[in-house]
> 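Structure incoming, see below.
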Amino acid sequence: MTHKLTVVLLFGGRSSEHSISCATAGGVLSAIDREKYDVIPVGITRDGAFVLESDDAHRFALDASALPEVADNGTRILWPESAATRELRVTDAAGAVRSLGDVDLVFPILHGPFGEDGTLQGMLELIGLPYVGSGVLASALGMDKHFTKLVLQHAGIDVAPWRTITANEWASDPAGVRTSIEALGLPVFVKPARAGSSVGVSKVSEPGEFEAAFATAFAEDDKVLVETGVVGRELEIAILGGAQGEPARASVAGEVIMTGREFYDFDAKYLDAPGVQLSCPADLGEEQLSEMSSIAIAAFEAIGAEGLSRVDFFLTDEGFVVNEINTMPGFTPISMFPTCWLNSGLSYPQLIDELIRVAVARGVRVG
C-alpha cells in the first residue's frame, strides 16, 4: 500500500480576503484525493489564531448572504518546536494537548497580507516545513504591486504606467499628489499596493472622485497605486512551476469580458454579480497565445515564483501589457486559475496533486 502524505490545509487569515480563502478550502477539501492524502484542516481566525477546523467542505461554501469564516472554537495549533521535528499538536478548548502526527507538507491557500506576502512562508521556513507555492521573496514581490512592476520593467516586460502614493503623501500634500498623477490621464484605477481580489479598488473617471477612491484604498493599505486605465482585452493565464529541472508551463488563456460593469470587482469575481462574462479558452490566435505564454512564464521567473501563479494581461493595439502577477490566485473550483487548467486537460483534483508533487520534490528550503 502506498504511504499517504499528511497535508496541512491552511486557510482563513487576517486579510480582507479571509472568506475567499475559506471558500477555496471548501473546494480543496471536497476534491483532494483521500486515498493519497490525510488532511489536517487548520484555520486562521481574523484575529490570527491557528485553530483545528472542520473537515466538512460544505461549511465553507461561498454564499453571498453568509460568507464562510474561520470561527475561534477554542482549539490552538501547536507548530513543531524546532526544525528537528514535524510533529503537529493541538490544544483543545479544555487545555488538553494531543498529537496530530507528523506533517509532510503544508498547503497554504491564503490570500492577501499575512498569508500570501511572505510572512507565513517565513514562519514555515523557520520551523522547517515544506509548503506549496512561492517562497518568501517571490511572495512579497508578488503581493506588492509597486515592486512587481519595478522587477517586471527591469526584465523588459511591459506594465501599465503608474504612480505610487503613500497615505502620508496624500494627507500632507493632496494638491501635490493630484499634480503628480495628472500625466496618467483619466480614467485611472486607484488600488491598494498589497491587496487582492479587487478589494479596495476604484475606477476614477473624474477629478472629484479621487478623495473617495483614496479613502477606499487606504483602508486596505498605507501604500496605493494610481494606474493608467489601459484600453484593451482583459486576459489571464495560469502558470505551474515544475520541480527542479522541470520548466514552468502555461495553460490556455481566459478572458474577462465586461458586459455592463465598470471593472472586474470582488462581487463579479466571487458572488456571481451581473455585468461580467468569463470565457475560457479565450479567442486568441496560436501566435498570440504563444507570445502571451512566453511573457507570463518570463514574469513568473522574473520574481522567482514557484508552484503556481496567475498572470493578468491587457491586450492592447500595441501588444500585451502585464497588469499583475498573483502568486496565490483564487483557487475555488470556479476561479480562473483552475478553469484555465481544466481547459488545458488538468482536472481540479489533478491540479491539487501536481502542486503537492512539486512541493514535496522541492522539499525543505535551505536558503
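One is the number of the first residue; the rest follow in order along the sequence.
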> Step by step, would you call V8 with I77 a side chain to side chain contact (heavy atoms under 4.5 Å, CB included)?
CA-CA 11 Å; V8 172; I77 292 295; over 6 Å; no
> When you measure from the side chain of K4 to the backbone of R34, do you find a donor-acceptor pair of N or O atoms at a distance under 3.5 Å?
yes
> Return the minimal non-hydrogen interatomic distance between S202 and A213, and the atom names on each side.
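Closest pair (atom of S202, atom of A213, distance): CB-CB, 3.7 Å.
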> Using a 3.5 Å cut-off and no angle test, enumerate the donor-acceptor pairs between side-chain atoms of residues 92-105 and protein atoms at least two apart in sequence or in another chain.
from	atom 1	to	atom 2	distance (Å)
D92	OD1	A94	N	2.9
D92	OD1	G95	N	2.9
D92	OD1	A96	N	2.9
S99	OG	E87	OE2	2.7
S99	OG	G101	N	3.0
D104	OD2	T6	N	2.7

> For P192 and D221, which heavy atoms make the closest approach, and how far apart are they?
CB-CB, 3.9 Å
> Taking all non-hydrogen atoms of both residues, which atom of A253 and which atom of C280 are closest, and how far apart?
O-SG, 3.8 Å
> State yes or no: do I127 and L78 share one hydrophobic cluster built from I, L, V, M, F, W and Y residues joined by side-chain heavy-atom distances below 4.5 Å, directly or via other members?
no
> Step by step, work out the side chain to side chain contact (heavy atoms under 4.5 Å, CB included) result for F210 and V177.
CA-CA 10 Å; F210 273 113; V177 168; over 6 Å; no
> Same cluster or not: are I303 and L308 linked, directly or through other Ile, Leu, Val, Met, Phe, Trp or Tyr residues, by side-chain heavy atoms under 4.5 angstrom apart?
no
> Check for me whether R362 meets the cation-pi criterion with Y131, that is, NZ or CZ under 6.0 Å from the six-membered ring centre and within 45 degrees of the ring axis.
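Pair R362/Y131 counts as cation-pi.
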> Set out, in order, the CA-CA distance, both residues' side-chain angles and the distance that settles side chain to side chain contact (heavy atoms under 4.5 Å, CB included) for V39 and F107, then state yes or no.
CA-CA 10 Å; V39 181; F107 195 149; over 6 Å; no
> Show me the donor-acceptor pairs, under 3.5 Å and distance only, between side chains in residues 147-166 and residues at least two apart or in other chains.
from	atom 1	to	atom 2	distance (Å)
T148	OG1	L141	O	2.4
T148	OG1	D144	O	3.0
K149	NZ	A160	O	3.0
K149	NZ	E227	OE2	2.7
W162	NE1	H146	ND1	3.3
W162	NE1	T164	OG1	3.0
R163	NE	S180	OG	3.3
T164	OG1	H146	ND1	2.7
T166	OG1	E169	N	3.1
T166	OG1	E169	OE1	3.3

> What's the verdict on salt bridge (Lys or Arg N to Asp or Glu O under 4.0 Å) for D55 and R59, showing C-alpha distance, side-chain angles and the deciding distance?
CA-CA 9 Å; D55 197 356; R59 274 205 57 216; over 6 Å; no
> Any chance the side chains of S16 and E220 put a donor and an acceptor closer than 3.5 Å?
yes
> Kindly indicate whether the side chain of L284, heavy atoms from C-beta on, has any atom under 4.5 Å from the side chain of R233.
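Touching, per the 4.5 Å side-chain cut-off.
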> Taking side chain as C-beta onward, heavy atoms only, is D317 less than 4.5 Å from V231?
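SC-SC contact between D317 and V231 ruled out.
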> Write down the atom of P80, the atom of T85, and the distance for their closest heavy-atom approach.
CB-O, 3.3 Å
> Side-chain contact test, heavy atoms from C-beta onward, threshold under 4.5 Å: evaluate it for F50 versus R76 and give yes or no.
no
> Side-chain contact test, heavy atoms from C-beta onward, threshold under 4.5 Å: evaluate it for R89 versus T91 and give yes or no.
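A side-chain contact is absent here, since even the closest heavy-atom pair is not under 4.5 Å.
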> Flag the pair Y348 / V28 as yes when at least one side-chain heavy-atom distance between them is below 4.5 Å, and no otherwise.
yes
> Check the orientation of W341 and F337. Use parallel for under 30°, tilted for 30 to 60°, and perpendicular for over 60°.
perpendicular
> With rounding to the nearest 0.5 angstrom, report the CG to CG distance, N168 to D173.
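The CG atom of N168 sits 10.0 Å away from the CG atom of D173.
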> Is the backbone of L346 close enough, under 3.5 Å, to the side chain of Q350 for a donor and an acceptor to pair up by distance?
no
> Rounded to the nearest 0.5 Å, what separates atom CG in L186 from atom OG1 in T228?
9.5 Å
> Contact between I334 and L278 at the side-chain level, heavy atoms closer than 4.5 Å - yes or no?
no
> Measuring from I239:CD1 to S251:OG, what's the distance to the nearest 0.5 Å?
6.5 Å
> Does one hydrophobic cluster hold both M328 and L29, with members joined at side-chain heavy-atom distances below 4.5 Å?
yes
> Quick test of your reading of the model: are K36 and D353 salt-bridged, counting only N-O distances below 4.0 Å?
yes
> Given side chain to side chain contact (heavy atoms under 4.5 Å, CB included), test S19 with R46 step by step and report yes or no.
CA-CA 10 Å; S19 293; R46 291 187 183 273; 3.4 Å; yes
> Say whether I44 and L124 are linked into one hydrophobic cluster, either directly or through other cluster members, by side-chain heavy-atom distances under 4.5 angstrom.
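Linked, I44 and L124 end up in one cluster.
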> Give the intermediate values and the outcome of salt bridge (Lys or Arg N to Asp or Glu O under 4.0 Å) for residues R194 and D222.
CA-CA 9 Å; R194 295 161 292 199; D222 60 6; 2.9 Å; yes
> F60, I352: one ILVMFWY side-chain cluster at the under-4.5 Å cut-off?
yes
> Can you tell me how far apart OG (S134) and CE (M143) are? Round to the nearest 0.5 Å.
12.5 Å
> Could you tell me whether a side-chain N or O of Q121 sits under 3.5 Å from a main-chain N or O of G118, the two making a donor and an acceptor?
yes
> Distance from K223 atom NZ to L225 atom CG, nearest 0.5 Å?
8.0 Å
> Hey, could you give me the CZ/CD1 distance between F320 and I237, rounded to the nearest 0.5 Å?
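It is 8.5 Å, given to the nearest 0.5 Å.
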> What I want to check is whether the side chains of S21 and T24 have a donor and an acceptor closer together than 3.5 Å.
no
> Please report the shortest heavy-atom distance between A296 and F313, naming the atom on each side.
N-CZ, 3.8 Å
> Quick one: do the T45 and D47 side chains pair a donor with an acceptor below 3.5 Å?
no
> Would you say the side chain of C22 lies within less than 4.5 Å of the side chain of V70, judging by non-hydrogen atoms?
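V70 vs C22: side chains touch.
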> Can you name the closest pair of heavy atoms from A359 and P130 and give their distance?
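Heavy atoms of A359 and P130 come nearest at O-CB, 4.5 Å.
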> Any side-chain to backbone donor/acceptor pair from S279 onto E255? Under 3.5 Å, distance only.
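Such a contact is absent between S279 side chain and E255 backbone.
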> So do V190 and T216 actually touch side chain to side chain, heavy atoms under 4.5 Å?
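They are not in side-chain contact.
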